[in-house]
Amino acid sequence: MQLATWNVNSLKVRLPQVLDWLAANPVDVLCLQELKQEDHAFPLEALAAAGYRAEFAGQKTYNGVAIVYRDTLTATEVIKDIPDYDDPQRRVIAASFGELRVVCAYFVNGEAVDSDKYTYKLTWLGKLERYLADSLARWPQLALLGDFNIAPDDRDVYDPAGWAGKVLCSESERAAFQRLVAMGLADSYRHFHADGGQYSWWDYRAAMFRRNLGLRIDHILLSPPLLARAQSCEIDRAPRKNERPSDHTPVVVTLG
DNA sequence: ATGGTTGGGTTCCAA
């Protein structure tokens with residue numbers, strides 16, 4: 001079984017690339033972030049023609065998340081948004097596939113550490129943490145996939161000195177990431193790869209992708225029973241080379 | 001050096 005995550009930065013623009021990618025990479029579950037569209041515009045028919053169904057939580061202009069899954073699977077116990085947290089931004093969707101619980105999240109970016117958006121980010125991280133603790137108690141086989149907007153350590157940053165203390169790399173954000181790890185959610189990419197210089201996002205500006213100046217901020221975290229089944233976790237850089245690419249590229253985990 | 005590019009929406013915001 002394969003699970004993947006991809007921040008598509010507008011599903012409207014990227015739908016052809018998503019369909020191409022699924023044709024070449026027929027994963028079982030694909031978590032999408034930054035749909036940037038309302039639910040009435042979600043491309044259910046195009047995905048159905050490709051053999052996929054989806055659950056989604058969109059909104060106009062910003063945010064928006066979806067779980068796309070093979071039509072041989074059944075999604076149950078779907079939740080949209082973090083329970084008991086009144087947040088107008090559509091950033092979380094979760095669904096069960098048998099015993100497997102999939103949580104797809106678009107973490108707050110935060111803009112800068114002195115921004116109100118950073119305060120929102122830390123609040124949001126706290127709410128997510130509580131929600132995941134509850135979820136893990138109910139679903140031991142839990143995978144958390146998404147754009148975390150956190151580079152867990154300096155290996156995940158092209159210029160660690162330049163990024164030190166900045167948003168995406170700050171101590172508080174990294175501490176929040178480590179609290180997820182302490183909960184039992186392992187960074188599956190790091191489980192298989194110790195090397196640095198492997199990124200999932202590159203700024204559109206200044207030819208950052210061509211120069212491989214990026215950050216690893218898209219992650220797949222696995223609870224212990226799933227980590228035990230994990231066979232590989234890979235970043236697929238190919239879609240970042242497309243014309244009109246997303247600024248993020250997919251991450252894929254293979255479970256036995 | 002506070003730049004640069006993209007998407008969505010609209011006279012700029014978010015990333």
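As the structure is a prediction and not an experimental result, all values here were calculated from the model. Heavy-atom basis, side chains included; hydrogens, waters and symmetry copies ignored. Here is the naming used below: chain letters follow the sequence lines, and residue numbers restart at 1 for every chain.
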Chemist: How about A/Arg211 and A/Tyr158: do any of their side-chain heavy atoms sit closer than 4.5 Å?
Modeler: no
Chemist: How far does the C1' atom of B/dA15 sit from the matching atom of B/dG4, given to the nearest Å?
Modeler: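 These two C1' atoms come out 13 Å apart once rounded.
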Chemist: Rounding to an integer number of Å, can you tell me how far A/Asp159 CG sits from B/dT2 P?
Modeler: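 Between P of B/dT2 and CG of A/Asp159: 18 Å.
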Chemist: Determine the interplanar angle of the A/His193 and A/Tyr189 rings, folded into 0 to 90°, and report it as parallel if under 30°, tilted if 30 to 60°, perpendicular if over 60°.
Modeler: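 A/His193 vs A/Tyr189 ring planes: parallel.
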Chemist: Check A/Phe107, A/Phe148, A/Tyr106, A/Tyr131 against A/Trp124 for a ring pair (Phe, Tyr, Trp, His ring centres under 6.0 Å) and give me the one that passes.
Modeler: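 Exactly one candidate clears the test, A/Phe107.
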Chemist: Ignoring backbone atoms, test whether A/Lys117 places a side-chain nitrogen or oxygen under 4.0 Å from the OP1 or OP2 oxygen of B/dA14.
Modeler: yes
Chemist: Write down the distance separating the P atoms in B/dC13 and B/dG3, rounded off to the nearest Å.
Modeler: 15 Å
Chemist: How far, in whole Å, is B/dT2 from B/dG8 if one measures between their C1' atoms?
Modeler: 24 Å
Chemist: Students often get this wrong, so: under 4.0 angstrom with heavy atoms, is A/Tyr106 touching a base, only sugar-phosphate, or nothing?
Modeler: sugar-phosphate
Chemist: Rounded to the nearest Å, what distance is computed from the CD atom of residue A/Glu38 to the C1' atom of nucleotide B/dG9?
Modeler: 12 Å
Chemist: Rounded to the Å, how far apart are A/Tyr62 OH and B/dC12 C1'?
Modeler: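 Taking atom C1' of B/dC12 as the reference, OH of A/Tyr62 is at 8 Å.
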Chemist: How far does the P atom of B/dA14 sit from the matching atom of B/dG9, given to the nearest Å?
Modeler: 14 Å
Chemist: Measure CG/A/Asn9 against P/B/dT6 and give the value in whole Å, please.
Modeler: 11 Å
Chemist: CZ of A/Phe209 versus P of B/dT6: gap in Å, rounded?
Modeler: 14 Å
Chemist: OP1 or OP2 of B/dA15 sitting under 4.0 Å from any side-chain N/O of A/Arg205?
Modeler: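 For A/Arg205, the contact criterion (side-chain N or O under 4.0 Å from OP1 or OP2 of B/dA15) is not met.
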Chemist: Mapping A/Arg244 and A/Trp201 to their closest nucleotides on DNA chain B, which lands nearer the 5' end?
Modeler: A/Arg244
Chemist: Please figure out whether A/Arg14 or A/Glu34 has its closest DNA chain B nucleotide nearer the 5' end.
Modeler: A/Arg14
Chemist: Rounded off to whole Å, could you give me the NZ-to-P distance for the A/Lys166 and B/dA15 pair?
Modeler: 18 Å
Chemist: For the side chain of A/Tyr204, starting at C-beta, report the closest nucleotide among B/dC13, B/dT6, B/dG9.
Modeler: B/dT6
Chemist: Find out whether A/Val108 and A/Arg91 are in side-chain contact, i.e. whether some heavy atom of one side chain is under 4.5 Å from a heavy atom of the other.
Modeler: yes
Chemist: Rounded off to whole Å, could you give me the NZ-to-C1' distance for the A/Lys60 and B/dG7 pair?
Modeler: 14 Å
Chemist: Whole angstrom is fine here: how far is it from CG in A/Asp203 over to P in B/dG3?
Modeler: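 The answer, rounded to whole Å, is 14 Å.
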Chemist: Measure the acute angle between the ring planes of A/Phe56 and A/Phe42, then classify it against the limits of 30° and 60° as parallel, tilted or perpendicular.
Modeler: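 Parallel.
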Chemist: Where the side chain of A/Thr61 is concerned, which of B/dA15, B/dG9, B/dG7 is the nearest nucleotide?
Modeler: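 In terms of side-chain proximity for A/Thr61, the closest of B/dA15, B/dG9, B/dG7 is B/dG9.
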